[in-house]
Amino acid sequence: MVRVKSRYLLCEITVSDRSQLLQLDDRAVATAVRAAVARTHGDYGAAQCVIGFSVKYLNAHTGIVFLRFPKRCYRLLWSALPFITCIETRGHKIPCVLNCLHVGGTIRTCQKFLIKYNTQQLHQMLPKCKNDEEKQQVRKAILTCSLPGSNRKESEEDFESEEDEEE
Amino acid sequence: MSVFMDLNLTFTEDKSVLQRMIETAAQLGFSTVAINYMFEPKAKKKPQIPAPTPITELMDQLPVVQGRSRPIRVLNRLTLVMSDSFHFRSTAPEYRCFDLLAVQPTTEKLFHAACMVYDIDIICVSVTERLPFFFKRAPVNGAIDRGVVFEVSYSAAIRDSTMRRYTIANAISLIECCKGKSVMVSSAAEKALELRGPYDVTNLSLLFGLSDKDCKEAVSSTCRSVLLHGETRKTASGIIYTVKSCSEASDQQEAPPQSETCEAPPSKKQKSSVTE
């Protein structure tokens, strides 16, 4: 058996105002990517984007998004991503930047990387807590929010709760 | 993993914008950035070169680079937009305040002089207009031999579609001429949202016609050699440099002697330091 090969780009959506992230949805991101590809690579790029491109996963809380591209032309399509300046959803435009964190061959490797990345983020943020009480609160939040069976969800939840804590 | 650098963040009067930019750059994984002061000498008037704002004044605490434990390094850089040869005075004391010195020549004659004669680190390629001249092999090769680096900036391409065409066209014509050697890609960002991650930039430079290897070098090792070149500019052939010893008590932990000998930085592209 031969399977269809594709590349998964793990991207982080950066916005100036974090609350705007919650307005995003899969389709808006997909439209923005398609539009950017069409703008930079014209009809040829748009045609490549029709088959095999999809937004696999979007976490609106942390702004993590998985993009799937066909392996044959992922570099071409990737080169259009820096030209995304805003995503349009429900009538308003959200200025944002897609920052690619990792490129993987399967969703599994991307997930592994994401868990590692989020742990790193947590370690970077913990020293910023102002007092011990806050730290304990964060720890408790992490321990309570674990979902059995889904490892990935858990680690993202960590990140999220940490974010809330910071604000 | 290599060290990524972005040697062009446009200076703005607004401090909070600059701070945000530096924070974003650190978060994206750039370990060195340079704040760029654009300077365009006007005819007749006595040119007044801006003095750089000290980094300590700009930010109290530099943010930690993503994935590393060290804080980000911030440098100052001056870019001269030249339209006449007297705009560049090689011995101007104002240049010494800056870590890096760049010029953006607008005529072929100046481009030739910048490549062959001027004591500079970076030659900017204009990305917002049609190229006023063609690149010739001889001066470009001369610049590569001297360790001077060409710079292409991408943020104009992000802003506007026509600029994107000019950026790509000018970059391709440059890269065809120098075969991808000693080209660096930087942002020239004015806002935090115009910065892109190092891997995105690497991939973006594929559009400019760089090969995979040169793409990566454009954001890492070429930038490093520029920094070293900038250091050798201040010194005598990169062998000896003098430091003013401050008479305060603070010199105990730093304690640099009056003149300190340091070895010439071992860089591949540092042939220039000997020939100067």
Side-chain angles (χ1 to χ4, degrees), chain A residues 7 9-18 20 33 35-42 44-45 63 65 67 69 73-87 93-104 113 116-128 163 166, chain B residues 1 4 6 16-17 20-21 23-30 61 63-71 153-165 167-168 171 185 187 189-212 215-216 219:
Chain A
R7 284 276 176 266
L9 264 70
L10 171 64
C11 298
E12 187 183 30
I13 302 177
T14 319
V15 288
S16 42
D17 181 14
R18 274 206 91 90
Q20 286 174 328
V33 172
V37 170
R39 246 182 299 139
T40 26
H41 300 301
Y44 177 73
V65 61
L67 300 175
F69 288 130
C73 58
Y74 84 100
R75 304 204 74 162
L76 182 87
L77 299 180
W78 183 12
S79 65
L81 290 187
F83 296 118
I84 295 175
T85 50
C86 62
I87 293 178
K93 282 184 172 171
I94 302 173
C96 65
V97 174
L98 280 182
N99 172 32
C100 182
L101 300 174
H102 182 79
V103 182
F113 175 84
K116 215 173 82 187
Y117 177 77
N118 280 340
T119 327
Q120 216 176 43
Q121 293 288 315
L122 187 68
H123 285 312
Q124 236 175 47
M125 280 176 176
L126 269 180
K128 280 188 201 161
E163 280 295 330
E166 289 293 310
Chain B
M1 199 176 132
F4 297 112
D6 187 351
S16 61
V17 174
R20 279 214 64 137
M21 267 204 285
E23 270 164 24
T24 316
Q27 207 188 6
L28 289 174
F30 289 108
Q61 201 186 4
V64 175
V65 181
Q66 173 77 49
R68 280 163 196 276
S69 51
R70 245 185 273 155
S153 56
Y154 62 81
S155 76
I158 287 167
R159 270 176 235 144
D160 186 13
S161 157
T162 18
M163 297 298 169
R164 192 175 309 152
R165 282 173 205 176
T167 308
I168 295 176
V185 180
S187 70
E190 285 166 9
K191 288 178 295 191
L193 281 182
E194 280 170 0
L195 278 169
R196 294 293 183 269
Y199 296 108
D200 287 321
V201 178
T202 316
N203 198 61
L204 178 68
S205 16
L206 278 182
L207 289 186
F208 301 154
L210 287 170
S211 68
D212 288 1
C215 278
K216 199 158 186 214
V219 281

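Lettering of chains follows the sequences in order, A, B, ..., and the numbering in each one begins at 1.
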Residue from B:Glu194, B:Gln27, B:Arg164 scoring the most non-hydrogen pairs under 4.5 Å with chain A is B:Arg164
Walk me through whether A:Ser79 and B:Leu206 qualify under side-chain contact (heavy atoms from CB on, under 4.5 Å). CA-CA 8 Å; A:Ser79 65; B:Leu206 278 182; 5.6 Å; no
Where does B:Asp212 contact chain A at under 4.5 Å (heavy atoms): side chain, backbone, both or neither? side chain
Segment of A:His102 engaging chain B (4.5 angstrom heavy-atom cut-off): neither
Let me know if B:Arg20 has heavy atoms under 4.5 Å from chain A in its side chain, its backbone, both or neither. side chain
Judged by modelled atom types alone, do B:Arg196 and A:Asn99 share a side-chain donor-acceptor pair under 3.5 Å? no
If you take all heavy atoms of A:Pro95 and B:Leu193, which pair is closest and at what distance? CB-CD1, 3.9 Å
The interface call for A:Leu76 against chain B, heavy-atom contacts under 4.5 Å, is neither
Looking only at heavy atoms, which two atoms of A:Trp78 and B:Tyr199 are closest? And how far apart? CZ2-O, 3.6 Å
Could you check whether any side-chain N or O of B:Asp200 sits under 3.5 Å from a backbone N or O of A:Cys100, counting only pairs where one atom can act as donor and the other as acceptor? yes
Heavy atoms, side chains only, cut-off 4.5 Å: are B:Ile158 and A:Thr85 in contact? yes
Check whether B:Leu207 gets within reach of chain A through its side chain, its backbone, both or neither, counting any heavy atom under 4.5 Å. side chain
Can you tell me how far apart CG (A:Leu81) and CG (B:Leu204) are? Round to the nearest 0.5 Å. 10.5 Å
Which atoms of B:Ile168 approach chain A - backbone, side chain, both or neither, heavy atom under 4.5 Å: neither
Checking A:Leu9 against chain B: side chain, backbone, both or neither under 4.5 Å from a heavy atom? neither
